[in-house]
Amino acid sequence: LWPWLLASSGLSALVQLVTLPFFPDSPSYLLIQKGNEEACRQAIRKLWGEGDHQAEIDDIMKEKVAMTSTKTLRVLEVIKERSLRWQLYILMTVMTTLQLCGINAIYFYSFEVFHTAKFEEYLIPYVSLGVGLCECLSSILCSTLIDRFGRKVLLWGGYTLMCSVLALLTMTLSLQHQFFWMHYFSVILIFLFVIFYGIGP
C-alpha cells in the first residue's frame, strides 16, 4: 500500500503536465515582459470571458510603470542598503527560527516515541501519517486565521506554544520509564507541536 501511496503524489504532477499547455499565459507577463498588448487582451478574454477589460489592462500598465521606475538591486546591494536593513533582519530571523524550531527532530524521533508508547508495529506508520495530516490541516486553518489575527500574532503565539510543548515533551520523555501513561502524553504533545507549527511559523 505504501508504494502506491507515495506514487499517488505523482498523479497531480501528471495532471498538471497534461493540462498546462492548455492554460493561457499570465496577462501581466504578456504585457509587462513580452510587451504584447493584443496577446494580453486575448488571455484576459480567455480567463474572464468577453467584455470590457480596459480597467484590468490599465492596472497592469500602472504596474509596468512602477516596475520600470524601481531599481533592481543585487544581493550585496540589498545587504548594504540601510533602508532595507530591518526587513532583512526580520526575514533572516524568521527563516532561521523556522529551520531551528525542532520540527525535523520531532518527525525524526516520533517513530521511536510511538514505538515506546507500545503502539502496534503495523499502526506506527499510520500514526506518523496522522502527524503529517495534522500539519496539513493546521496549515489550512492558518490561512483562515491569518486574516483575523495577523502574521505577527500567529508567529509569536506559535513559537510560544511550540516552546512550551517542547519543554513538556522533554519532561515526559525523561519520566517515561517511571510512569506508564507518560508515553501517551508524549504522543499527544507531538501532535500538538505539529499543529502549533502549522498554525504559527
Subject >> Gln16 side-chain N/O to Ala13 backbone N/O, donor-acceptor pair under 3.5 Å >> reply: no
Original post:
Where is the tightest heavy-atom contact between Lys46 and Phe22, given as atom of each residue plus distance?
Top reply: NZ-O, 3.8 Å
Subject >> OH (Tyr109) with more than 12 external heavy atoms under 6.0 Å >> reply: no
Original post:
Given the rule that I, L, V, M, F, W and Y join up when any side-chain heavy atoms are under 4.5 Å apart, are Phe149 and Ile195 in one cluster?
Top reply: yes
Subject >> Tyr126-Leu137 co-clustered via ILVMFWY side chain contacts under 4.5 Å >> reply: no
Original post:
Are Glu135 and Tyr107 linked by a side-chain donor-acceptor pair shorter than 3.5 Å?
Top reply: yes
Subject >> Criterion side chain to side chain contact (heavy atoms under 4.5 Å, CB included) on Arg41 and Ile57, from CA distance to verdict >> reply: CA-CA 8 Å; Arg41 288 181 186 278; Ile57 292 172; 3.2 Å; yes
Subject >> Phe108 side chain near Asn104 side chain, heavy-atom distance below 4.5 Å >> reply: no
Subject >> Between Tyr159 and Thr97, a side-chain donor and acceptor under 3.5 Å >> reply: yes
Original post:
From Ile190 CD1 over to Cys134 SG, what is the distance, rounded to the nearest 0.5 angstrom?
Top reply: 11.5 Å
Original post:
Do Arg85 side-chain atoms and Lys80 backbone N/O form a donor-acceptor pair below 3.5 Å?
Top reply: yes
Original post:
Are Leu169 and Ile106 close enough, and set up right, to give a side chain to side chain contact (heavy atoms under 4.5 Å, CB included), and what steps lead you there?
Top reply: CA-CA 10 Å; Leu169 187 60; Ile106 288 291; 3.4 Å; yes
Original post:
Hey, does Glu77 have a side-chain heavy atom less than 4.5 Å from the side chain of Glu81?
Top reply: no
Subject >> From Glu37 atom CD to Ile44 atom CD1, the distance as rounded to the nearest 0.5 Å >> reply: 9.0 Å
Subject >> Side-chain (Arg151) to main-chain (Gly200) donor-acceptor, under 3.5 angstrom >> reply: yes
Original post:
Which value, rounded to the nearest 0.5 Å, describes the distance between Leu154 atom CG and Arg148 atom CZ?
Top reply: 11.0 Å
Original post:
Would Ile188 and Val127 show up in the same hydrophobic cluster when neighbours are defined by side-chain heavy atoms closer than 4.5 Å?
Top reply: yes
Original post:
Among the clusters formed by ILVMFWY side chains lying less than 4.5 Å apart, do Ile103 and Leu155 turn up in the same one?
Top reply: yes
Original post:
Is Met171 linked to Trp181 within one hydrophobic cluster, defined over Ile, Leu, Val, Met, Phe, Trp and Tyr using a side-chain heavy-atom separation of less than 4.5 Å?
Top reply: yes
Original post:
Which atom names give the shortest non-hydrogen contact between Leu173 and Ser186, and what distance separates them?
Top reply: CD2-OG, 3.9 Å
**OP:** Would you give the length of the straight line joining atom CE of Met162 to atom CZ of Phe193, rounded to the nearest 0.5 angstrom?
**Re:** 3.5 Å
Subject >> Neighbour count >12 (heavy atoms, 6.0 Å) for atom CD, Glu112 >> reply: no
**OP:** Please step through salt bridge (charged side-chain N to carboxylate O under 4.0 Å, His left out) for the pair Arg45 and Glu38, ending with a clear verdict.
**Re:** CA-CA 11 Å; Arg45 281 197 294 271; Glu38 185 53 40; 3.7 Å; yes
Original post:
Going from CG on Leu14 to OG on Ser8, what distance comes out if it is rounded to the nearest 0.5 angstrom?
Top reply: 12.5 Å
Original post:
Hey, does Tyr197 have a side-chain heavy atom less than 4.5 Å from the side chain of Leu98?
Top reply: yes
Original post:
Do you know the tightest heavy-atom contact between Ser28 and Ile60?
Top reply: CA-CG2, 3.8 Å
Original post:
When rounded to the nearest 0.5 angstrom, what distance separates NZ in Lys62 from NZ in Lys64?
Top reply: 15.5 Å
